[in-house]
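Read through the structure below, which is laid out as structure tokens, and then see the notes.
Reckoned from all heavy atoms, side chains included, excluding hydrogens, waters and symmetry mates. This one's a predicted model, so the numbers in the text were calculated from it and none came from an experiment. Every chain is numbered from 1, with letters handed out A, B, ... down the list of sequences.
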There are 4 protein chains.
Amino acid sequence: MGAATAAISRAAGVAEGTLFTYFKTKDELVNALYREIKLELADAMMSDFPRRASVRERFQHVWDRYVHWGITNPVQHKALQQIMVWDGLTEESRRAGITPFLEIEKVAQAAVAEHVFLDRPLDFIAAAMNALAEMTIEFMRRNPAEADTYRASGFEMLWAAISRKR
Amino acid sequence: MGAATAAISRAAGVAEGTLFTYFKTKDELVNALYREIKLELADAMMSDFPRRASVRERFQHVWDRYVHWGITNPVQHKALQQIMVWDGLTEESRRAGITPFLEIEKVAQAAVAEHVFLDRPLDFIAAAMNALAEMTIEFMRRNPAEADTYRASGFEMLWAAISRKR
Amino acid sequence: MGAATAAISRAAGVAEGTLFTYFKTKDELVNALYREIKLELADAMMSDFPRRASVRERFQHVWDRYVHWGITNPVQHKALQQIMVWDGLTEESRRAGITPFLEIEKVAQAAVAEHVFLDRPLDFIAAAMNALAEMTIEFMRRNPAEADTYRASGFEMLWAAISRKR
Amino acid sequence: MGAATAAISRAAGVAEGTLFTYFKTKDELVNALYREIKLELADAMMSDFPRRASVRERFQHVWDRYVHWGITNPVQHKALQQIMVWDGLTEESRRAGITPFLEIEKVAQAAVAEHVFLDRPLDFIAAAMNALAEMTIEFMRRNPAEADTYRASGFEMLWAAISRKR
DNA sequence: GATGAATGAGTCTTCATTCAT
DNA sequence: GATGAATGAAGACTCATTCAT
């Protein structure tokens, strides 16, 4: 689906048969690709993470890195979106894809404990961030001139959505 | 992709060839399907719309109807998600798919004018609602026992995200 | 195995995809082909069968028709040989392929009852005929000038092998 | 065909590439395998050969060893059957495969000279033995409880087929 | 206008063969 | 000489599309 194995191997710079020495089936390949991209994304988000900054600054860091990665890696970003609505993604891969983001959940956990965030399930908070970031990336891509404005507005929305008012 | 034309025609209760008397290609068919489902969804959201209620009540109405439709129409919802990341969706269809939701944007416009909402692009607000609703539907589907809690929490997030504090 | 689906469809005078509207897999196709050829062979053997002639004459008739069919239908004959040692042939097909030859077994049965044949399992007798006929066909094909001699000698061997001496 | 070179090298306990330092192509390898198995079979048949026994006893010896080898070496036996109907087997290999069996033909030759056998081409006699033995092996394999009966009956058939009556 | 059998380009996958180590 | 990762041609199979009925 989406990409033919011929296209994938071409993109990877290997022969078509080579893919199948590493992955038994295309499904397996796509699942592995999903985890790989998720890891890359997590790396991008967590590098230079300001562990001692305020909750808001830490979230802002993660947000900025996320949307920046989305803009500068359009191919991977597009692939990720398509894989996420694909039927062949295993529950196992889905779980594995979340793992690298647990650091972020920990920050959220602390924020809930400190009454900075409303008391909501952590994965729900993480998913909200994800959803708003994806939608913000889309607007940034379509309107590059206003990209910075969208990035800032998007984060304001997120912060308002998850933090305790006042 | 995703569904073969053979499956689509079977689901539609017509012969395989018949599809192609109405649509020149499958791409055209999928684009039409997209608009069709979007219309259904808009209908579901706007029926019984409380035109005279408060901004918050009107948004709550729309939100509740949206997530309810997503839960009760899983097939269409899934199709929609897949079509939205599909390469063949035309810009024209995308625009047409938004049209039925202009009513909602009008409400948002009024809310901005009345300083109920922050001053943001209306389509950005609409997209935020969409993104949060999709993510909420996902949680409701995976955790039916807590569906109502998620629906309410999701709306609180949305409202906090777009409304002016205090 | 042996023949590619491309070759089979070409031989059948249809497009490659057409095969798969009639058979779900190649295995299924080959199994069907096996039964088909077996039926043809049985037809060839049993047409003009001299139901009232002596046991020997009836066996001679069957023998002559068999080796003649093998010589004049080399493609089908070769296919049959290859399918018979193929792993994908189902037990069901094997049984179905034998059915048209039950008439011959009936003759053998009568011959056993009349003490014309030695008292051996009927399928063993039939298999002996089959084995000797196949080997005879091979010699006839390799040495067309002596074909008639081989056909006659082959039958003498068979008759000696299965009939009661003197 | 039937077995991939990967499987063959695994069975042989060598690396995939190693096969091709000994054989230029798979065809060549299979041809060599054919001769190898034929040699093994000939060895099995001719060991303890009772050179001074009667013609019948010598044939019986060969027959017993043949069917015994077929039963106890199912893999090689199956391979042999498949190679024999395979298109790539060279005429040269076919001839070479027969060579180890010339000893048997010599016995048959003597038997013809002594008027024990009917006057038929020696290779025709050998082929008949082969054909009946193969078919007998099949019955023995499918019905192990009656294996000895089939082996004896099979030989009786063979002897009747090739020896001069009375 | 509706049908569905037939088509063949395109897809995933296998496997004999090569070659750098 | 041995290895096994890499290759790509060839194989089985799918599916959007056509067209005679």
Side-chain angles (χ1 to χ4, degrees), chain A residues 1-31 33 86 88, chain B residues 1-33 86-88, chain C residues 1-31 33 86 88, chain D residues 1-33 86-88:
Chain A
M1 160 292 113
T5 52
I8 295 174
S9 50
R10 214 178 312 120
V14 298
E16 211 171 337
T18 306
L19 293 183
F20 294 90
T21 61
Y22 293 98
F23 307 99
K24 260 199 303 296
T25 63
K26 189 192 178 184
D27 276 24
E28 207 176 274
L29 158 64
V30 175
N31 272 280
L33 181 63
W86 171 59
Chain B
M1 171 281 125
T5 50
I8 296 173
S9 45
R10 213 177 313 119
V14 299
E16 284 202 44
T18 306
L19 291 183
F20 294 90
T21 62
Y22 291 99
F23 307 99
K24 256 202 302 297
T25 65
K26 188 191 181 183
D27 277 24
E28 207 175 274
L29 158 65
V30 175
N31 272 280
L33 180 64
W86 171 59
D87 286 324
Chain C
M1 163 292 114
T5 52
I8 295 174
S9 49
R10 214 178 313 117
V14 299
E16 209 170 338
T18 305
L19 294 183
F20 294 92
T21 60
Y22 292 99
F23 306 99
K24 261 202 300 299
T25 63
K26 188 191 178 184
D27 276 25
E28 207 175 275
L29 158 64
V30 175
N31 272 281
L33 181 63
W86 171 60
Chain D
M1 178 282 127
T5 50
I8 295 173
S9 45
R10 214 177 313 118
V14 299
E16 283 203 44
T18 306
L19 291 183
F20 293 89
T21 63
Y22 292 100
F23 307 99
K24 259 202 301 297
T25 65
K26 189 192 180 184
D27 276 25
E28 207 174 273
L29 158 64
V30 175
N31 273 281
L33 180 63
W86 171 58
D87 286 325

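- When every heavy atom of D:Ser9 is checked against every heavy atom of D:Ala15, the shortest pair comes out as CB-O, 3.8 Å.
- A residue-by-residue look at A:Thr25 and C:Glu16 shows that C:Glu16 has its nearest nucleotide of DNA chain E further toward the 5' end.
- With respect to B:Thr5, the side chain to side chain contact (heavy atoms under 4.5 Å, CB included) criterion is satisfied by exactly one of B:Thr25, B:Val30, B:Leu19: B:Leu19.
- Each of A:Gly17 and B:Lys24 was matched to the nucleotide of DNA chain F holding its nearest heavy atom; the match closer to the 5' end belongs to A:Gly17.
- Distances shown here put every side-chain N or O of C:Thr5 at or beyond 4.0 Å from the OP1 or OP2 atom of F:dG11.
- The phosphate of E:dA5 has neither OP1 nor OP2 within less than 4.0 Å of any side-chain N or O from C:Tyr22.
- Sequence order on DNA chain F of the closest nucleotides to C:Phe20 and A:Ala15 puts A:Ala15 first from the 5' end.
- When rounded to the nearest whole Å, the span between CD of A:Glu28 and P of E:dC12 equals 15 Å.
- Rounded to whole Å, atom P of F:dG4 lies 12 Å from atom CG of D:Leu19.
- Base-pair partner of E:dT14: F:dA9 (Watson-Crick or G-U wobble, both distances under 3.5 Å).
- Side chain of A:Asn31 to backbone of A:Gly88: a donor-acceptor contact under 3.5 angstrom is found.
- Pairing of E:dA20, defined by two Watson-Crick or G-U wobble distances under 3.5 Å, is identified with F:dT3.
- Dashed line: the shortest gap from a side-chain N or O of C:Thr18 to OP1 or OP2 of E:dA6 is not under 4.0 Å.
- One finds a side-chain N or O of D:Thr21 lying less than 4.0 angstrom from the OP1 or OP2 phosphate oxygen of F:dA2.
- What separates NZ of D:Lys26 from P of F:dA10 is a distance of 16 Å, to the nearest Å.
- Regarding A:Phe23, its CZ atom lies at a distance of 14 Å from the P atom of F:dA5, rounded to whole Å.
- C:Arg10 contributes atom CZ, which lies 8.5 Å from atom CD of C:Glu16 (distance to the nearest 0.5 angstrom).
- With values rounded to the nearest 0.5 angstrom, A:Leu29 atom CG is found 7.0 Å from A:Phe20 atom CZ.
- Here the P atom of nucleotide F:dT18 and the CG atom of B:Leu29 are 14 Å apart, to the nearest Å.
- Regarding D:Arg10, its CZ atom lies at a distance of 15 Å from the C1' atom of F:dT3, rounded to whole Å.
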